[in-house]
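Let me begin by presenting the structure, written as structure tokens, before commenting on it.
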2 protein chains.
Amino acid sequence: MAQGTPGQTGQSLLFLTDEQLRKGIEAMFFAYRGFTADPDRILSDQGYGRAHHRAIHFIHRSPGTTVNNLLSVLGVTKQSLNRVLRTLIEDGLVASTVGKRDKRERHLTLTEDGAALERSLSDAQRDRMRHAYRTAGPEAVAGFRQVLEAMMDEEMRFYYDALKDRIDER
Amino acid sequence: MAQGTPGQTGQSLLFLTDEQLRKGIEAMFFAYRGFTADPDRILSDQGYGRAHHRAIHFIHRSPGTTVNNLLSVLGVTKQSLNRVLRTLIEDGLVASTVGKRDKRERHLTLTEDGAALERSLSDAQRDRMRHAYRTAGPEAVAGFRQVLEAMMDEEMRFYYDALKDRIDER
DNA sequence: CTTGGAATGTCAACAAGGCTGACGTATCTT
DNA sequence: AAGATACGTCAGCCTTGTTGACATTCCAAG
């Protein structure tokens with residue numbers, strides 16, 4: 001496994017075999033499946049899907065966010081998002097309020113019920129993440145985050161870094 | 001960042017805040033998007049989708065695998081897989097040969113053309129993975145893999161560990 | 001003030017790719 | 001001969017992505 005010129009310390013593993021890379025690729029594939037499995041199960045019981053989960057997650061993260069903001073973060077078309085949003089609003093999980101400053105905008109927040117669903121979803125997902133973190137150990141966690149961050153598109157790292165895009169003056 | 005009772009070395013970071021976990025969750029979300037972006041682009045030009053990519057990947061990994069094997073690895077129904085497989089066979093990217101020992105089975109392999117497409121897809125994906133690995137460094141890579149492996153379902157780790165399920169006696 | 005363009009959000013229709021259910025056929029296995 | 005297994009296919013449904021068309025609102029130039 002250890003090979004290549006032993007000179008450069010940090011560089012010695014720049015020798016990445018296709019096999020190592022393939023293993024990383026498959027790790028992503030299988031892990032992502034596990035990652036989404038629990039929320040998927042919870043949601044399918046209620047007639048929702050992964051798209052609803054994503055919307056709920058990011059509305060929870062940034063209460064009062066606008067549809068356009070959400071669009072950028074999720075990377076889908078507004079029509080696609082709208083369908084999901086409409087059912088969430090109809091079902092009373094999300095509240096949409098017309099912007100005070102700019103009446104074209106809609107500000108999105110979770111209702112009580114929406115927050116409750118969000119909690120059950122993120123509890124499940126956090127449990128799995130916590131389990132993985134504890135199994136792998138703290139140093140592994142740091143590496144995990146570093147690699148994932150390096151794997152994102154630049155554009156997405158922007159949203160990833162921006163913890164909140166809350167808008168306080170409606 | 002360093003906190004908790006300093007006694008237990010490996011245990012000191014068992015204190016995982018919801019914020020840390022949420023950050024990990026979003027890292028998975030955004031990174032997976034980047035991870036699939038390049039192949040998606042290549043494929044959409046040719047009228048294929050992510051489902052085709054997955055089939056091609058695992059046929060390449062395990063040449064001669066059977067339909068049933070593929071079904072288990074991919075975790076979809078045979079009707080769903082069949083739709084994808086049919087177009088790949090019609091387009092001459094995948095070859096399906098009747099099993100020698102068991103004539104009910106079909107053994108799947110990539111044709112020349114299929115292998116060429118596979119190469120262009122995995123080149124793109126490996127480039128991104130390589131970039132992430134190099135940016136993050138060798139220690140981060142080990143951690144990355146450890147966390148992902150701990151995040152999989154048991155059942156999936158079985159397929160992940162099984163490098164090949166090649167069947168040599170057709 | 002008005003008017004035209006830009007931003008925002010909604011409605012309609014279509015496609016990909018999941019799913020279930022039902023069946024047919026060939027081929028083991030007992 | 002009978003039942004189980006592997007594979008393919010038809011039909012129909014759902015979620016979630018897409019494009020196109022359109023209504024509303026805002027803002028800035030005339």
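Everything numeric here is computed off the predicted structure, so don't read it as measured data. So that the names make sense, note that chain A is the first sequence line, chain B the second, and so on, each numbered from 1. For the numbers below, each heavy atom of this structure counts, side chains included, while hydrogens, waters and symmetry mates do not.
A donor-acceptor contact under 3.5 Å links the side chain of B:R104 to the base of D:dT5.
Summary of the strand contacts: A:R54 and B:S96 both lie near DNA chain D, and taking for each the nucleotide with the nearest heavy atom, the more 5' one is attributed to B:S96.
For the atom pair CE (B:M28) and CG (A:L148), the distance works out to 6.5 Å, reported to the nearest 0.5 Å.
The distance between the ring centers of B:Y159 and B:F58 does not fall below 6.0 angstrom.
Contacts between chain B and DNA chain C, taken as any atom within less than 4.0 angstrom of a protein heavy atom, begin and end at C:dG17 to C:dC28.
Taking atom CD of A:E105 as the reference point, atom C1' of D:dT24 lies 14 Å away to the nearest angstrom. Remark: C1' of D:dG17 and CZ of B:R33 are 13 Å apart, rounded to the nearest angstrom. Per the geometry, NZ belonging to A:K100 stands 18 Å off C1' belonging to D:dC26, to the nearest Å.
Residues of residues 78-94 of chain B having a heavy atom closer than 4.0 Å to DNA chain C, listed by number: B:Q79, B:S80, B:R83. Near DNA chain C, defined here as any heavy-atom distance below 4.0 Å, the residues from residues 34-53 of chain B are B:G49, B:R50, B:A51, B:H52, listed numerically.
Contact check, B:N68 against D:dT5: no side-chain N or O comes under 4.0 Å of OP1 or OP2.
With sequence neighbours left out, the side-chain contact (heavy atoms from CB on, under 4.5 Å) criterion links A:E155 to no other residue.
Applying the salt bridge (charged side-chain N to carboxylate O under 4.0 Å, His left out) test to every pair with at least one member in residues 120-129 of chain B, sequence neighbours left out, gives these pairs: A:D18-B:R126, A:D153-B:R128, B:D38-B:R128, B:D123-B:R126, B:D127-B:R130.
Between B:F35 and B:Y32, the ring planes are tilted. Angles from 30° to 60° get that label.
Classification of A:E26 and A:R22 as a salt-bridged pair holds, one side-chain N sitting under 4.0 Å from a carboxylate O.
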Anything under 3.5 Å between a donor and an acceptor, one on a side chain of residues 78-92 of chain A, the other on a protein residue two or more places apart or in another chain? List them.
unit_1 : atom_1 : unit_2 : atom_2 : d
A:T87  : OG1    : A:H52  : NE2    : 3.3
A:T87  : OG1    : A:V84  : O      : 2.9
A:D91  : OD2    : A:Y48  : OH     : 2.3

